[in-house]
Amino acid sequence: MGRFLGLLALLIGSILIIPAFLAWGYLLRIVEHTIYGSNELPVFDDWSRMFSDGLKYIVSNIIYFIVPLALIILSLVGMGFSARSGSSQTAVYLLLLLVGLILNIFVAMVYIMAVGNMAYAERLGAAFEFSTIFGYIKGIGSLTYFAYAFVFFVILGIIGIFFNVNLWSHIFGMAGLVVGGILYIIFSVYSSMARSRFSGLMYLEGYFKVNPEDETDQYFAVEENPGL
């Protein structure tokens, strides 16, 4: 609980910038600990490394999602402009929006494994080692991998409905807005941890499918590295 609250404090303090890097670094540390067989939340230590890990996480996230997000934003702006001006380009922007959304989903799926590879290799460049990343996805089975990810995010989304601020405010008014806001923040921390845990588990699954001979030694490596 103390570590959960620690991440909560970092996320709330993200407006000060530096805590945001530390929070992302801690989330990457959860991925790393999962890969090394730990079922516990990692401790808060080695802050300089946690900061650099957060920087890697943020940079990789930007590089992965900049294109699909740019397409989505461009299409939404274009549709708004078309609606005001009466332009006939709305269909084009709708198609662009569809392409952006599909690309965003595909990138998000691949990024799950990319984060695991980056955490394991402890290098930013490992997030872009596509031969390794797609090799692990293929090892799991592409359809199985995407099914795992789809079900995971659907479940997380369903749980998130009960922490929706608008829902609470609609039912309980101003009091619901306050309570709902607090619950949403708590759920955001939990969902961030869950996504990190999921990335680590998916990486383990892919790694062991490709390297089955390493499974026993690798999974229990945390016992040989108590600092993790």
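The existence of a salt bridge linking Arg49 and Glu32 is confirmed by a sub-4.0 Å separation between a basic side-chain nitrogen and an acidic carboxylate oxygen. Using a 4.0 Å cut-off between charged side-chain N and carboxylate O, Glu40 and Arg3 make no salt bridge.
The shortest side-chain heavy-atom distance between Asp53 and Glu122 does not fall under the 4.5 Å cut-off. Side-chain contact between Tyr64 and Val110 is present, with heavy atoms from C-beta onward closer than 4.5 Å. Residues Tyr93 and Leu76 fail the side-chain proximity criterion, which asks for heavy atoms closer than 4.5 Å. Within the 4.5 Å cutoff, the side chain of Arg123 has no heavy atoms near those of the Met118 side chain.
Asn39 and Arg197 form a side-chain donor-acceptor contact under 3.5 Å, judged by distance and modelled atom types alone.
Heavy atoms from other residues, nucleotides or ligands lying under 6.0 Å from CG of Leu16 number more than 12. In Leu101, the CG atom is crowded: over 12 heavy atoms of neighbouring residues, nucleotides or ligands sit closer than 6.0 Å. Taking a 6.0 Å sphere around OH of Tyr148, one finds it holds 12 or fewer heavy atoms contributed by other residues, nucleotides or ligands. Counting heavy-atom neighbours within 6.0 Å of Phe128 CZ, excluding the residue itself, gives a total above 12. Residue Phe162 places its CZ atom among 12 or fewer non-hydrogen atoms of other residues, nucleotides or ligands, all under 6.0 Å distant. Around atom CZ of Phe150, no more than 12 heavy atoms belonging to other residues, nucleotides or ligands sit under 6.0 Å away.
Using cut-offs of 30° and 60° on the angle between ring planes, the pair Phe198 and Phe153 is perpendicular.
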Dump the intermediate steps for side-chain contact (heavy atoms from CB on, under 4.5 Å) on Phe21 and Tyr57, then the final yes or no. CA-CA 9 Å; Phe21 287 95; Tyr57 206 160; over 6 Å; no

Would you please test Met113 and Ile140 for side-chain contact (heavy atoms from CB on, under 4.5 Å) and show each step? CA-CA 11 Å; Met113 188 65 76; Ile140 296 173; 3.9 Å; yes

Between Leu98 and Leu94, does the side-chain contact (heavy atoms from CB on, under 4.5 Å) criterion hold? Intermediate values first, please. CA-CA 6 Å; Leu98 180 61; Leu94 280 173; over 6 Å; no

Could you give me the CA-CA distance, side-chain angles and deciding distance for Leu5 and Leu8, then say whether side-chain contact (heavy atoms from CB on, under 4.5 Å) is met? CA-CA 5 Å; Leu5 294 175; Leu8 172 62; 4.1 Å; yes

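Under the 4.5 Å side-chain heavy-atom criterion for ILVMFWY residues, no single connected hydrophobic cluster contains both Ile102 and Ile112. Linking ILVMFWY residues whenever their side-chain heavy atoms come closer than 4.5 Å, directly or via other members, places Ile105 and Ile63 in the same cluster. Ile133 and Ile62 fall within a single hydrophobic cluster, where Ile, Leu, Val, Met, Phe, Trp and Tyr side chains are chained together by heavy-atom contacts under 4.5 Å. Taking hydrophobic clusters as Ile, Leu, Val, Met, Phe, Trp and Tyr residues chained together by side-chain heavy-atom distances below 4.5 Å, Ile12 shares a cluster with Leu41. The hydrophobic clustering, which links ILVMFWY residues whose side-chain heavy atoms are closer than 4.5 Å, places Ile66 and Val77 apart.
One distance of note links CG of Leu124 with OG of Ser52; it measures 11.0 Å at 0.5 Å rounding. The CG atom of Leu204 lies 11.0 Å from the OG atom of Ser199; values are rounded to the nearest 0.5 Å. Taking CG of Leu69 as the reference point, atom CG of Leu74 lies at 12.5 Å (rounded to 0.5 Å). Rounded to the nearest 0.5 Å, atoms CG (Leu96) and CD1 (Ile73) are 11.5 Å apart. Between Ile137 atom CD1 and Glu205 atom CD the span is 12.5 Å, to the nearest 0.5 Å. Atom CG of residue Leu11 and atom CD1 of residue Ile186 lie 12.5 Å apart, to the nearest 0.5 angstrom.
Between Ile35 and Gly116, the shortest heavy-atom distance links the atoms CD1-O, 3.3 Å. Nearest heavy-atom pair across Val210 and Gly135 is CG2-O, 3.7 Å. When all heavy atoms of Leu156 and Ala194 are compared, the closest pair comes out as CD1-CB, 4.5 Å. Of all heavy-atom pairs between Gly100 and Pro68, the closest is O-CB, 3.7 Å. Residues Ser196 and Leu27 approach most closely at OG-O, 3.2 Å, considering heavy atoms. For the pair Ala114 and Ala127, the tightest heavy-atom approach, listed with the atom from each and the gap, is CB-O, 3.5 Å.
Under the 3.5 Å distance criterion, the side-chain polar atoms of Arg29 are left unmatched by any main-chain donor or acceptor of Trp24. Ser38 places no side-chain N or O within donor-acceptor distance of the main-chain N or O of Thr34, the cut-off being under 3.5 Å. No donor-acceptor distance shorter than 3.5 angstrom exists from the side chain of Tyr145 to the backbone of Lys138, with no hydrogens or angles considered.
When each of Tyr136, Tyr36, Tyr111 is checked for a ring-ring contact (aromatic ring centres under 6.0 Å, His included) with Tyr203, only Tyr136 meets the rule.
Residue Tyr184 shares its hydrophobic cluster (ILVMFWY side chains chained together at separations under 4.5 Å) with Val165, Met174, Leu177.
Among residues two or more places apart in sequence or in another chain, the ring pair (Phe, Tyr, Trp, His ring centres under 6.0 Å) test is passed with Tyr26 by Phe44.
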